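Keep in mind that this is a model prediction, so the values were computed, not measured.
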Amino acid sequence: MSKFSQQSAMKLPTYLLWLKSRSLLSLSLGLISVISTISPVFSAPNRNLDREETCDILVAGGGLAGAATAYEGLRAGRTVCMTEITDWVGGQISSQGTSALDERETQRSLLFYPRGYLELRRRIKEHYGRLNPGGCWVSYSCFMPYDGHKILFEVLQDAAKIGNGKLKWFPNTVIKELEITPAVAGNAVGGQQIKSAIAISHKPAPNTPPINTETLSKTIEDAYRYENSARFNKTIIRFIPKPRQTPPSQTKKGADWYVVDATETGELIGLADVPYRLGIDPRSPLEPSSGSPRGDAYCTQGFTYTFAMEATKEPQQQQQPSFYQQYAPYYSYELQRLASFPLVFSYRQIRSMKPDEPRPADPKQFPIYPGDISMQNWTWGNDYRPGSSQDNLIYSREQLAANGQLQPGGWMGGLRTETLRRGEENAKGFFYWLVAGTTDSQLGNGVKKPYPNNRFLSGLDSPMGTVHGLSKYPYMREGRRIIGRPSLSQSQGFTVWEVDMSRTNFKDSFYRQNLSAEDYRNLWLNLGGLNAPALAVGSQSVENTKSRSRATIYPDAVGIGHYAIDFHPCMTNSPPEAPGNTEREGTRKGQGQAYPFQIPLRAMIPQKIDNMLVAGKSIAVSHTAAAAYRVHSFEWSAGAAAGITAAFSLENGIIPYELVDELPSREPNLEVLQLRLQQNANPIAFPGTSIFNSSWQNWK
C-alpha cells in the first residue's frame, strides 16, 4: 500500500473509496483483540542439538500441499527439507486415508490441473492399470492409501532428478520451536524472518513396537517432547538456510530461505503467533451466510479418522467395543435416500474384486463381493464434530497462551489430545454400528440392519498401515487460517470471503432480514461486478442490481480450485455424541455450489514474517470459503504456487510481499512469476476467465 497515502486516496473515485473501506466489515472487535497482543517466539532447545540440516525451502507438513511445494522446489533445482508428523507423504491420499480424489466434473473433463497433480493421477492409473481401481462412485479415482504414499514419493524423487534438486525427507518429525528475528520498529505487518527451526524426529526405542502400533492420541504428546522416552528415541534437528554462494558484496536482498506452513492445522501459524482466524467468522456483508453474528472460534468443521473394511464370504464374529454405547446415539445414515449399506460401502470403495463388471445406475444396487474393500468417511459416522471451548480440537490463541504453548519450548502441536482420543473411539464404534448396529439416530428404528460379513482391516500391511487400523492422522477439513496483510480493499487484512466465490442466491429473504440496510447494500456492492459502480454512486438500486456470475478475479492469482462449499459442521452440544444432539443451527446456510475460483498470492503471505508462506487449507480464506478451498487438487495448486514463489523469490532476491505490495498498480515481478507458473503448466485462471464472461452455468 506504499503508493496509497492519505492524500492520494482522497483522489480516488467513489467506487475505489468504498473498496478501501469494505475491510472495516471483515473482522469483529473480538477477533481484532485476539491478534493485537501477539509477540514473536524466541527459542533455544531444551537439550543439545544432534545435527543441523540446511535447505533453501523448509516445508512443514508432507500432505498434498507440502508435497506440491517440494515438487516445484525440486523442479527448480532447490534443496527442500520436508518434515511430516507421520511416516507417509500425501496427507489426504495416504496418512489421512481419504484416497478418493475430490474433483468437479467440468474441471476433470478438461484435465485442467497443475502438472504435478496430473502426474500423480497418471501414475495412479499406470500403477493399477486404471484410474479407479476401487470402482467407487464418489470419485473418478479411489485407491489404497499405502499406494498413495508410494506413488507420490516416487513422483518427488523423480522431480529431484529432473530439476537437479535435493529432497531431504524427515518422517516422524515435528517442528518444536522457531527462531524469529525481532520486530522492526514501525513495521506492524512485516519485517521479521524465521532464522532457524528446531525439530524433533522420533523412532521406536529398542525392544519396543514399531511406529504406527499405537493411535495418534497416545503418541502425539511424546512426539513433541525433547526427552527420550520408554517409547521413542529422539533426534533434535536444527534447520537453517544453505550458505549463500555469492560474496557478501554481490548478495541480493530478500531472504536466505523460505519456510512453508503446509501442516494440516496451521501449526507454524500458531507457533509463530501470526494473526489468524479459527472457526466461524462473524456475519457481515463479506460473509453473509455465517451461522453466528459474532463468530465462534470453537466451531470448526469436523475431523475424521478413516478406516478400511473388507467384505467377507462368511459372517465375522463382531466384538462390541467397550465404549460403543457412548457413541451409538450419534451414528446414522443421515438421510432416507442414503439409507443403504451397499451405497455407503461403495461410496469410497478402494478395491474392487470385479472392476470390469458393469454396475447398475443405482448405488443401492451395487453388488459387494468378498475381498472388496471400502474406506469409510461418513458425516454421521466417523466424523467427530466438537464445537465448544471444552472439547474443540484445535486450540485457539487464548487457549494456547493459557496452557503455555506460546512459551519458548512449550509448543505441543496445538491440539487437544482428549478430543483426538474420542475421535478414534468414535470411528471404531462406527465400524461396529455398520456391521452390527440396529438403530439410527436420525431415521429411527427399522432402518438399520446388521451386515456381519465384513471385517475391520488392521496391521502394518493394511490399507491404513497401522496396527490399530485407523488412519495415521485424522482427515482435517479446517485449521487455523491466516489473516493476510492489509490491502487497498481490506485494510484489516486480506481474506478470500464467501462473496468472492459462492453461487448462493443472495436475494434470499434471509440476507435482508439478518443484515442491516447498510450491510445489505454493502453486500450487493461486493456482488455487483460491473453493476457495482452504479450502485455505489446511487444511480441504481439494490433491487435492480444483478449479481455477477463468476468468482472474484485476482490480479495476483497463482493457482486455481473448484469444489462445492461443503460443510461438516460442529455439533450444538458437548460432547458431540450426546443423545439427541444436532448440528449447530445455521452453519450449513452458506453450503452450495461455488464458481471456479483462484488462489491469490496475498492469501498465502502471513503478517509479520517475510520469509514464510502458507499453503493448503491455512491460507487466508473465511470459514465459508474454506469449505470449498480444501480438497485434493486445490491443495496441490496452492502448494505448487508456494514452491515456485519461494524459488522465484530466492532467485531474484526479493520477498513475496514485494510482489503484491503495490497492487492494484502494476507489479512487473508478479507478472514474471505468473508467467513462470503458467509456463510450468500450473494454471492460475480457468479458461475464459474475464469480468465480461458470465458463462459459468456448467461449472457446478
Side-chain angles (χ1 to χ4, degrees), residues 97-98 100 102 134-139 142 301-302 304-312 315-316 318 320-321 324-352 359-370 372-385 423 425-457 475 477 564 566-572 576-585 587-588 591-592:
T98 48
D102 285 320
C136 67
W137 58 268
V138 71
S139 170
C142 291
Q301 290 217 51
T304 307
Y305 274 101
T306 60
F307 60 84
M309 56 190 292
E310 181 182 32
T312 61
Q316 303 296 298
Q318 307 295 349
Q320 183 181 109
Y324 176 71
Q325 294 302 327
Q326 175 181 339
Y327 300 94
Y330 175 73
Y331 303 130
S332 174
Y333 282 130
E334 184 174 0
L335 300 172
Q336 190 63 51
R337 63 182 175 83
L338 303 176
S340 163
F341 182 85
L343 178 146
V344 173
F345 188 95
S346 59
Y347 188 47
R348 291 185 173 90
Q349 188 170 329
I350 56 177
R351 184 173 77 182
S352 172
R359 280 179 164 181
D362 183 1
K364 294 180 181 179
Q365 306 301 320
F366 280 12
I368 300 175
Y369 298 104
D372 286 355
I373 296 177
S374 172
M375 175 267 290
Q376 289 301 320
N377 174 15
W378 195 255
T379 304
W380 285 85
N382 48 337
D383 273 12
Y384 200 64
R385 302 193 276 165
E425 290 183 345
N426 181 72
K428 292 178 180 178
F430 179 55
F431 169 75
Y432 183 79
W433 181 84
L434 282 172
V435 298
T438 57
T439 63
D440 189 298
S441 67
Q442 304 301 299
L443 303 179
N445 296 327
V447 174
K448 180 66 178 65
K449 296 178 175 59
Y451 290 87
N453 289 39
N454 289 275
R455 68 186 184 99
F456 185 86
L457 294 179
Y475 170 41
R477 295 179 179 86
D566 182 18
F567 284 116
H568 292 234
C570 74
M571 301 298 282
T572 304
E577 68 273 11
N581 209 353
T582 59
E583 293 181 350
R584 183 74 65 84
E585 184 178 0
T587 51
R588 286 189 187 263
Q591 182 162 305

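To the nearest 0.5 Å, atoms CZ (Phe456) and NZ (Lys428) are separated by 6.5 Å. Taken to the nearest 0.5 Å, the CG atom of Leu457 stands 8.0 Å off from the CD1 atom of Ile350. Note that CG of Asn453 is 7.5 Å distant from CD of Gln316, once rounded to the nearest 0.5 Å. The structure places CD of Glu577 at 9.5 Å from CE of Met571, a figure rounded to the nearest 0.5 Å. Interatomic distance, SG of Cys136 versus CZ of Arg348, reported as 8.5 Å (0.5 Å rounding). Atom CZ of Arg588 is separated from atom CZ of Phe567 by 9.0 Å, given to the nearest 0.5 angstrom.
Asp383 meets the side-chain hydrogen bond (donor to acceptor under 3.5 Å, both in side chains) test with Thr304, Arg477, His568; sequence neighbours excluded. Checked against side-chain contact (heavy atoms from CB on, under 4.5 Å), Cys570 has the following partners two or more places apart in sequence or in another chain: Cys299, Arg584. Shown here are the ring pair (Phe, Tyr, Trp, His ring centres under 6.0 Å) partners of Tyr432, two or more places apart in sequence or in another chain: Tyr324. The salt bridge (Lys or Arg N to Asp or Glu O under 4.0 Å) test applied to Asp566 returns Arg630, not counting sequence neighbours. Qualifying side-chain contact (heavy atoms from CB on, under 4.5 Å) partners for Pro360, counting only residues two or more places apart in sequence or in other chains: Gln365, Phe366, Pro367. Ser340 meets the side-chain contact (heavy atoms from CB on, under 4.5 Å) test with Pro342, Leu343, Lys364; sequence neighbours excluded. Glu310 is linked by a side-chain hydrogen bond (donor to acceptor under 3.5 Å, both in side chains) to Arg351, Arg455, counting only residues two or more places apart in sequence or in another chain. The side-chain hydrogen bond (donor to acceptor under 3.5 Å, both in side chains) search around Gln301 returns none, not counting sequence neighbours. Remark: Gln318 pairs with no residue by the side-chain hydrogen bond (donor to acceptor under 3.5 Å, both in side chains) rule, at least two apart or across chains. Every ring pair (Phe, Tyr, Trp, His ring centres under 6.0 Å) that Tyr347 has, sequence neighbours left out, goes to Trp137, Trp378. Partners of Glu425 by salt bridge (Lys or Arg N to Asp or Glu O under 4.0 Å), not counting sequence neighbours, listed by chain and number: Arg421.
Although no hydrogens or angles enter the test, the distance criterion places a donor-acceptor pair under 3.5 Å between the side chain of Ser374 and the main chain of Phe345. Here the side chain of Asn581 pairs a donor or acceptor atom with the backbone of Pro576 at under 3.5 angstrom. Panel note: side chain Arg359, backbone Gly135; a donor-acceptor pair is recorded below 3.5 Å. A donor-acceptor contact shorter than 3.5 Å links the side chain of Asn426 to the backbone of Gly381. Between the side chain of Thr572 and the backbone N or O of Glu583, at least one donor-acceptor pair lies under 3.5 Å.
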Inset, instruction - Go through the steps for Thr379 and Arg385 under the test side-chain contact (heavy atoms from CB on, under 4.5 Å), then give the verdict. - result: CA-CA 9 Å; Thr379 304; Arg385 302 193 276 165; 3.8 Å; yes
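The minimum heavy-atom distance between Val344 and Leu338, with the atom names listed, is CG2-O, 4.2 Å. Smallest separation of non-hydrogen atoms from Lys449 and Gly446: NZ-O, 3.9 Å. Between Cys142 and Ala100, the shortest heavy-atom contact is SG-CB, 3.4 Å. Pairing each heavy atom of Ala311 with each of Asn454, the nearest pair is CA-OD1, 3.5 Å.
Around CD of Glu585, the count of heavy atoms belonging to other residues, nucleotides or ligands within 6.0 Å does not exceed 12. For Asp362, the CG atom counts as densely surrounded, since its 6.0 Å shell holds more than 12 non-hydrogen atoms of other residues, nucleotides or ligands.
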Quick one: side chains of residues 436-444, donor-acceptor pairs under 3.5 Å with protein atoms, not counting sequence neighbours, listed by atom name and distance.
unit_1 : atom_1 : unit_2 : atom_2 : d
Asp440 : OD1    : Ser332 : OG     : 2.5
Asp440 : OD1    : Gln442 : N      : 3.0
Asp440 : OD1    : Leu443 : N      : 2.8
Asp440 : OD2    : Ser332 : OG     : 3.4
Asp440 : OD2    : Tyr333 : N      : 2.9
Ser441 : OG     : Tyr330 : O      : 2.9
Ser441 : OG     : Tyr331 : O      : 3.2

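Using a 4.5 Å cut-off on side-chain heavy atoms (C-beta onward), Tyr451 and Leu434 make no contact.
Across Tyr327, Tyr384, Phe307, Trp380, a single residue satisfies side-chain contact (heavy atoms from CB on, under 4.5 Å) together with Phe430, and that is Phe307.
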